[in-house]
Each structure stands twice: as structure tokens, then as C-alpha cells.
Amino acid sequence: MNIKGKTILITGGGSGIGLESAKQFLAEGANVIITGRNQAKLEAAKKLLPLLIIIKSDVENEEDTVALFDKVASLGGIDILYNNAGVGSPALNLGIANEEILKNAINEMNINYFGVIRLNTLFIDMLKSRKESAIINTTSILSLVPALEEPTYSASKTALSFYTRVLRKNLEILGGTVKVFELLPPVVATEMTAQRNDKKITPEQLVKALISGIKKDQFTIRVGDAKLLYFVSRFFPNLAFNLVNPKKIYASLKQ
Ligand SMILES: NC(=O)c1ccc[n+]([C@@H]2O[C@H](COP(=O)([O-])OP(=O)(O)OC[C@H]3O[C@@H](n4cnc5c(N)ncnc54)[C@H](OP(=O)(O)O)[C@@H]3O)[C@@H](O)[C@H]2O)c1
């Protein structure tokens, strides 16, 4: 699909992968609107990239998202909805079944899963009315294989991945023009992974792969290790589990 001249809304665009996406979509000739919960972060992004339109909005808050829709409609609407906002709460040392885990799991589902469905529901008719439009949902390498350290985050991304695949097929069957992309990042160096010592790619590398995938209408965009893990998980599920969860982390889980 063509990016030049399109208007894209990126949720959680004030930092990390979202901010890098804003930068690269602007460079591709798109008009870019970003959202987030933190006004100061959005303003800092605007200072860096003055062409950005910034709108404070929380994806899990219904009132906020309706106000976001009205504001976007008044600006002329969007062609691409890029659901990037997400949170992850590592469960390391927390055990697996307790109040803290439950609280984090609800928060992750509200933002990573229900937040996406809420925005898609609000924007779908607008997207259907455009000549060429798209939804991009950000899942994860952990939607393929769950991590012992991030069980509820992994589950939220698998839920989103299943939803994304069905959404794509449904829209295809109904004969619409809305393309549905799924981005599966590996570990990317952002605030979210600051505490992790794993091998990481840069947000710049990830977003380059995303844009290249969009231009080729490659609807499932697995990047870096997510490509390899996809095939390993299909044919050797136990090996894939052990690759994501090396024995060396068992000791820290027991602490
Ligand atoms: N980094 C990785 O290794 C990795 C790997 C796989 C998938 N991902 C996914 O990639 C996406 C971006 O992650 P990242 O690494 O760039 O994380 P990040 O640096 O923590 O950025 C997340 C962004 O989402 C925004 N956000 C969080 N909750 C929100 C809400 N309720 N409403 C609106 N905005 C919200 C945050 O801004 P505010 O706090 O201002 O709201 C922030 O700008 C996420 O969906 C994440 O799950 C990341």
C-alpha cells in the first residue's frame, strides 16, 4: 500500500517504537497524529518533529477515545490506524497466581487488547470510507511463545494476534478495502525493555521493516528473531519454548 499523502494515527506515539514510527512515516510523506497519556511526552515529541499533530488520549478510557475520534474527524479523518500503545508488567519474582499478577493482567488486557478493539470499533467506518486504508496491530514475538517472565503480557498479545487474524479475514470476506497488518517485534531497545539484558534491535530497524512490509502488502510482519521463532515454534514447540525461556532464568524466578 502507498504511504505518501496518507494520514496515520499512532497510539502511544510519544516514545519508543511509536515515536520512531512517527518520524519514519513523516519522512515517507504521511501526515502523522500521535496520542498518549502524558502531555509533556507528547509536547517533547512535537518539539522534535514539529509537523506532528499531538492529542492526549488514553486508549483504555472510553470518553477519551470518543473525544479523540471527534477531533480526528474534524481534522479530516485518517487512512491508517496504527495500534501501537502497549504496556508490559514483568512477573519475575511475583509468582504466578496472586493479587499483583491479577492487577497487572487486567491492566495489560485493558490497554493491549480491549484498547485496540475499542479504537478499531470507533474508526472502522471512517477507514472503510477511504480509498485505501489500514489497521496495524502490534503484537509481539511473545504472541508465538509465552515467556515465563511475562506470562500475562504474552497472553494479551496472543489474544490480540488471534483477533487480528480474524479481523483481517472478516474484512476480506465482507469485501472491504481495509487492510489489516500485524507487526510482531522481537525485543526492541525502548523504555519497556530497559531492564532486560537480551539481544535487542533498535526501534529504527523495526520501523524500517514495518514500512517495507506495508509497502509490499505483507500483512504479517515478523521482524528479526520473530521470523525464526515462528518456524521453530511450528515444528519444534519445545525447542521454541526453551529458546524464549533459557534455564538460566529459572534461578531468578525462584528468588
Ligand atoms: N520493546 C519491545 O521489545 C517490544 C516487543 C514486542 C512488542 N512491543 C510492543 O510495541 C508497542 C510499543 O512498545 P515500546 O517498546 O515502544 O514501549 P514504550 O517505550 O513503553 O512506549 C509505549 C507507549 O505507549 C503509550 N501508552 C501506554 N499506555 C497507553 C494508553 N493507555 N493510552 C495511550 N498510550 C499509552 C506510552 O505513553 P504514555 O505513557 O504517555 O501513555 C508510550 O508512549 C507496545 O504495544 C509493545 O507491547 C514492544
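Computed from a prediction, not measured in an experiment: that's the story for all the values here. In listed order, ligands and their atoms are each counted from 1.
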Does [X], at its [atom1] atom, have more than 12 non-hydrogen atoms belonging to other residues, nucleotides or ligands within less than 6.0 Å?
X: Asn197; atom1: CG; result: no
X: Lys179; atom1: NZ; result: yes
X: Lys208; atom1: NZ; result: no
X: Lys46; atom1: NZ; result: yes

Identity and distance of the protein heavy atom lying nearest [atom]:
atom: atom 17 (O) of ligand 1; result: Met192 CB, 3.7 Å
atom: atom 35 (C) of ligand 1; result: Ala85 CB, 3.5 Å
atom: atom 37 (O) of ligand 1; result: Lys41 NZ, 3.3 Å
atom: atom 25 (C) of ligand 1; result: Gly12 CA, 3.5 Å
atom: atom 3 (O) of ligand 1; result: Val188 N, 2.7 Å

List ligand 1 atoms under 4.0 Å from [X], heavy atoms only on the residue side.
X: Thr193; answer: 1 (N), 2 (C), 3 (O)
X: Asn38; answer: 40 (O)
X: Gly86; answer: 22 (C), 24 (O), 27 (C), 44 (C), 45 (O)
X: Asp58; answer: 30 (C), 31 (N), 32 (N)
X: Lys157; answer: 45 (O), 46 (C), 47 (O)
X: Val187; answer: 3 (O)
X: Ser15; answer: 19 (O), 21 (O), 42 (C), 43 (O)
X: Thr190; answer: 1 (N), 14 (P), 15 (O), 16 (O), 17 (O), 19 (O)

Only heavy atoms count here, so choose which of [options] is nearest to [atom].
atom: atom 45 (O) of ligand 1; options: Asn84, Thr138, Leu206, Leu68; result: Asn84
atom: atom 32 (N) of ligand 1; options: Val59, Leu183, Thr65, Leu42; result: Val59
atom: atom 39 (O) of ligand 1; options: Glu191, Lys56, Arg37; result: Arg37

Take every heavy atom of [X], measure it against each atom of ligand 1, and state whether any distance is under 4.0 Å.
X: Thr139; answer: yes
X: Glu20; answer: no
X: Pro186; answer: yes
X: Ser57; answer: yes

Minimum side-chain heavy-atom gap [X]-[Y] below 4.5 Å:
X: Arg118; Y: Glu62; result: yes
X: Asp70; Y: Val66; result: yes
X: Ile8; Y: Asn31; result: no
X: Tyr82; Y: Leu183; result: yes
X: Ile17; Y: Ser21; result: yes
X: Leu142; Y: Lys157; result: no

Roughly how far, to the nearest 0.5 Å, is the [atom2] atom of [Y] from the [atom1] atom of [X]?
X: Asn104; Y: Ile106; atom1: CG; atom2: CD1; value: 9.5 Å
X: Leu122; Y: Ile117; atom1: CG; atom2: CD1; value: 12.5 Å
X: Ile10; Y: Leu52; atom1: CD1; atom2: CG; value: 8.0 Å

Give yes if a backbone or side-chain nitrogen or oxygen of [X] is under 3.5 Å from a nitrogen or oxygen of ligand 1, and no if not.
X: Tyr153; value: yes
X: Ile141; value: no
X: Ile17; value: yes

inquiry  = Please classify the Ala189 to ligand 1 contact at 4.0 Å (heavy-atom distances, strictly less than): side chain, backbone, both or neither.
reply    =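 The answer is neither.
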ask   = If you draw the axis of the six-membered ring of Phe162, does the NZ or CZ of Arg165 fall within 45° of it and under 6.0 Å from the ring centre?
value =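 Yes - Arg165 lies over the ring of Phe162, closer than 6.0 Å to its centre and within 45° of its axis.
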